[in-house]
Every structure is written in structure tokens, then in C-alpha cells.
Amino acid sequence: MTNVVRHADTPHCHVSIDYGGEELRIEVIDDGRGTTTAEGNGFGIPGMRERVALLNGHFMAGPRPEGGFRVAARLPIPAGAP
């Protein structure tokens, strides 16, 4: 959300959170100005990618074909978690 506010230049975005038995899925989509790369030049995307990797999750970020940007993460839920 911080990246949307700082970089997307759009008044809104869509946040989706889905919790299943084995993983937590988070997706943030905006229709802002986007970018041509998913690498990022600061700490935002690289930091998210690193934190998700530390939890053995999957991370994706990049420009959307129709414009804007998408960030998605899938995080495993530890066995025995409530």
C-alpha cells in the first residue's frame, strides 16, 4: 500500500487477501502510472521479495498489460497455526 501511495499516482487500488488451509495470498493491484520494471530502485519491492523469500513464500510484482501495477505474495501457513 505504501508503494501505491508513493508511486502509483492513483486515488485507489484493489487489495485482496485470501486465507486457506495451507497458504495466505495477498494481492495489491492499482491502475496508476505503473513502471516498466518489477525490480524497483529502492527498498520497497526488493524488500518485499526478500521478506517473502525468508518465509519460503512466492512473490510476484510487475506492470499490468492494461496499465498499472500488481504485487502478489503467497505465504505458507505453518502446520498447527490457528
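Here, residue 1 is the first one in the sequence, and each next residue gets the next number. The shown structure was predicted, so the numbers you read here are calculated from the model rather than taken from an experiment.
To the nearest 0.5 Å, atom CG of residue D30 and atom NE2 of residue H14 are 12.0 Å apart. Taking CZ from R49 and CE from M60, the interatomic distance works out to 10.0 Å, rounded to the nearest 0.5 Å. Rounded to the nearest 0.5 angstrom, L55 CG and E50 CD are separated by 11.0 Å. Between the CG atom of L24 and the CG atom of D18 there is a distance of 8.0 Å, given to the nearest 0.5 Å. Atom CZ of R70 and atom SG of C13 lie 13.5 Å apart (nearest 0.5 Å).
Residues P76 and G57 come closest through the heavy atom pair CD-CA, 3.8 Å.
Inter-residue side-chain proximity for F69 and V28 is flagged as unmet; no heavy-atom pair is nearer than 4.5 Å. Proximity of I26 to F59: side-chain heavy atoms (C-beta onward) are nowhere separated by under 4.5 Å. Looking at R64 and I29, their side chains come closer than 4.5 Å, going by heavy atoms from C-beta outward.
Salt bridge status for R25 with E23: present, with a side-chain N to carboxylate O gap under 4.0 Å.
More than 12 heavy atoms of other residues, nucleotides or ligands lie within 6.0 Å of CD in E66, so this atom counts as buried by the packing criterion.
Tracing side-chain contacts under 4.5 Å through hydrophobic residues (I, L, V, M, F, W, Y), one never reaches L54 starting from V52; they form parts of separate clusters.
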